[in-house]
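Only one structure is covered here, and it is reproduced in the block below.
In this text, all values refer to a predicted model and were calculated from it rather than measured experimentally. A note on names: the letters A, B, ... follow the listed sequences, proteins ahead of strands, and every chain is numbered from 1.
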Amino acid sequence: MSRVKVALCGPPNSGKTALFNALTGGRQKVANYPGVTVERKEGVLTTPGGKNVNLLDLPGAYSLNPKTLDEKITHDVLFGSLGGETPPDLVIIVADATNLERNLSFVLEVKALNIPAILALNMMDLATHRGMRLDLKLLEKELEIPVIPTVAIKKEGTHELFLAIEHFIDTRSTQVLPKPANSKLSYVRDRFQEVDRILSKVIVTKARPTLWTDKIDKFILHPLWGSLTLFLVLGLMFQAIFNWAALPQDWIKAGVQFVKDIITHNIAAGPLCNLVVDGVLTGVGAVIVFLPQILLLFLFILFLEDSGYMSRAAFLMDRTMEKVGLHGRAFIPLLSSFACAIPGIMATRTIEHRRDRLTTILIAPLMTCSARLPIYSLLIAAFIPNTVIFGPIKLQGLVMFGLYLAGIFAALLVAYILRGVVFRGDCLPLLIELPTYKWPSLKNLGIGLLERAKIFIRRAGTIILALSIVLWFLASYPKPPVGATEPAIHYSYAGKVGYAIEPVLKPIGFNWKIGVALIPGFAAREVMVSALATVYAVEAKGEEVETKLGDILAKDWTLPTALSLLVWYIFACQCLATLAVARRETNSWLWPVFMLTYMTVLAYAGSFLTYHTTLKMGL
Amino acid sequence: MCKKPKTLGELNKGETGIIVKVKENYKISNRLLEMGFLEGTRVEVIHEAPITKDPIAIRVRGAIIALRRSEAQLIEIENE
Ligand SMILES: Nc1nc2c(ncn2[C@@H]2O[C@H](COP(=O)(O)OP(=O)(O)O)[C@@H](O)[C@H]2O)c(=O)[nH]1
Ligand SMILES: [Mg+2]
């Protein structure tokens with residue numbers, strides 16, 4: 001007989017994830033449901049009697065009458081109507097004991113399906129603390145399913161749950177087919193009447209209202225202080241990804257360099273050494289260098305979600321984001337994209353609705369990420385005079401600011417157009433619960449972080465690594481002939497492509513050398529600087545490269561060319577990792593290809609306009 | 001005289017009411033009921049988003065639910 005399959009389901013914030021971690025010890029496999037972007041999390045639990053059971057963590061649902069993709073998955077899995085997914089043998093319904101007036105309605109809805117069920121009455125610590133007393137025996141009798149009080153973050157009640165699962169396995173009869181759900185309005189009303197009837201019987205002492213949440217909300221949702229807090233939180237997050245991540249990133253770079261040096265010194269020079277050092281290690285470096293940013297961002301996000309702040313941020317930002325057709329929750333992913341689009345795109349998971357999520361993913365790379373800074377500062381320093389405009393405001397800073405603004409403006413415009421053309425349809429109404437504030441559990445934060453890191457390395461990492469090796473190959477083969485006078489890249493495939501695309505680049509003012517540098521620069525934006533240094537055969541180390549290169553470029557390029565390249569950089573999708581992550585998150589090649597296409601078109605058009613306007617102006 | 005019924009969407013922060021009717025035949029009607037907006041239930045507007053005063057946060061059945069005023073308009077209420 002195949003292994004028993006148990007599914008955890010419940011309304012958002014009832015503690016499903018915490019209970020999943022408590023039952024499985026965090027051992028889990030994360031994938032996507034076939035063909036959709038919803039995360040499928042499965043683990044194995046072992047009962048005291050030594051039985052192994054598969055445990056599936058279903059997405060949160062307010063009801064079985066689905067309104068979001070998440071809820072549809074939960075609905076389909078329970079009904080066994082999702083292709084490739086067998087229906088669960090047993091469901092554990094997780095309900096928040098402090099919120100039974102609403103949660104019990106979902107319990108009744110699932111119970112009505114006639115699938116064997118157990119109720120895990122979670123957050124009992126909070127309920128007890130607030131003075132609530134329940135007659136659990138009576139509740140069991142009313143619901144006709146086992147009721148087990150739990151405190152997921154303290155693993156309380158897991159033993160009883162294990163025993164109940166074992167009991168189910170031992171006594172299980174043939175599988176029953178789920179009954180269709182009834183979502184008629186009158187049925188919903190009846191269900192709530194039933195909830196009230198049951199609660200009036202089983203509640204011995206009512207819970208005192210939580211004063212804490214109201215007190216915090218007075219501040220957090222205050223028109224002035226609330227907005228300021230949101231600003232501060234976001235500022236801190238931006239700061240963390242932008243600055244705090246820099247140090248560990250430097251360590252990683254140094255570490256990779258250290259390994260490279262060891263290998264260079266110990267393996268005979270030749271193609272193998274080059275492949276390992278310049279291909280594989282550079283590729284691996286390109287993957288893990290993003291980890292500090294991803295971990296820091298997700299530390300913030302998990303904390304904000306688990307504490308209950310995330311729903312509040314969506315509440316505060318709802319109107320502003322709605323103007324361009326985005327969901328309030330798109331705010332955090334977009335802001336994170338200023339540091340790096342990769343964690344930003346991964347963070348769109350908090351947006352339930354597919355259309356909203358895809359729009360956010362597609363515009364995230366237009367936000368000025370930190371990888372654009374090296375080329376921005378190189379070109380601005382070389383071509384823009386630092387004249388004083390007004391007081392402390394100087395031209396160079398102003399140009400930099402303009403580049404950021406252009407990115408934001410383009411992103412909002414593209415979102416607006418996408419929502420009007422590609423992802424038509426009205427905005428999903430905001431209708432969410434603001435959960436009571438809770439202090440997040442460190443252990444669950446840790447498990448969540450580990451999960452993100454694994455997903456990134458396994459899914460995106462492999463693609464990034466493979467493409468990095470391909471690009472390395474293009475840039476190093478064929479080898480220059482004996483007695484070559486030009487830098488090696490001239491003779492490589494990349495060099496040939498650079499020459500070949502020159503006619504296409506000419507109208508936007510790029511010479512063939514820029515074309516050559518754009519090829520490795522396609523892997524990652526910041527590589528463009530060192531690629532330019534290679535093409536222009538700059539012989540210098542470290543910081544000096546930029547000043548020397550700047551001098552050379554200032555002589556070789558005209559101002560229109562430099563401005564054109566700056567504009568190119570605002571829009572162009574020069575980041576393999578972003579494409580790889582978009583592929584993983586959307587579960588299709590269509591969207592990354594679409595992203596690459598529209599961004600390239602924007603970049604070309606923008607550069608063309610810039611080049612010709614500035615030429616006409618006689619700059 | 002026949003007065004237009006008051007809706008939850010028109011309440012200011014701090015105001016309360018009892019739900020008399022949730023308008024049916026809207027895509028969202030069903031979900032409003034499921035979130036606990038049932039006839040006879042007491043509701044209170046406890047927060048408003050800054051500047052636009054929209055969305056609003058409602059205390060209903062012991063929970064706090066955030067929704068836009070446009071959806072709250074489907075909920076007719078009377079004074080307590
Ligand atoms: N005090 C307490 N907090 C809990 C309990 N279970 C979960 N939490 C917290 O409640 C919040 C939401 O839990 P989570 O598992 O993410 O809910 P989900 O949305 O259903 O997956 C987190 O901050 C958890 O740490 C519990 O039994 N007691
Ligand atoms: Mg969860």
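- With a 4.5 angstrom heavy-atom cutoff, Ile56(B) touches chain A only via backbone atoms.
- By the 6.0 Å contact criterion, NZ on Lys111(A) is enclosed, its count of non-hydrogen atoms from other residues, nucleotides or ligands being greater than 12.
- At least one side-chain heavy atom of Arg59(B) sits less than 4.5 Å from a side-chain heavy atom of Asp214(A).
- With a 4.5 angstrom heavy-atom cutoff, Thr213(A) touches chain B only via side-chain atoms.
- Within the 4.5 Å cutoff, side-chain heavy atoms of Ile64(B) are placed close to those of Asp217(A).
- At a threshold of 4.5 Å between non-hydrogen side-chain atoms, the residues Asp196(A) and Arg61(B) count as touching.
- Atom CD of Glu34(B) sits about 6.0 Å away from atom CD of Glu109(A), to the nearest 0.5 Å.
- Formation of a donor-acceptor pair under 3.5 Å by the Arg319(A) side chain with backbone atoms of Pro55(B) is not found in this model.
- A salt bridge between Glu71(A) and Arg31(B) is present, with a side-chain N of the basic residue lying under 4.0 Å from a carboxylate O of the acidic one.
- For Glu48(B), the part sitting under 4.5 Å from any heavy atom of chain A is the backbone (N, CA, C, O) and nothing else.
- For the set Leu38(B), Leu32(B), Ile46(B), the count of heavy-atom pairs under 4.5 angstrom toward chain A peaks at Leu38(B).
- Counting heavy atoms from C-beta outward, Leu431(A) and Met35(B) have side chains that approach closer than 4.5 Å.
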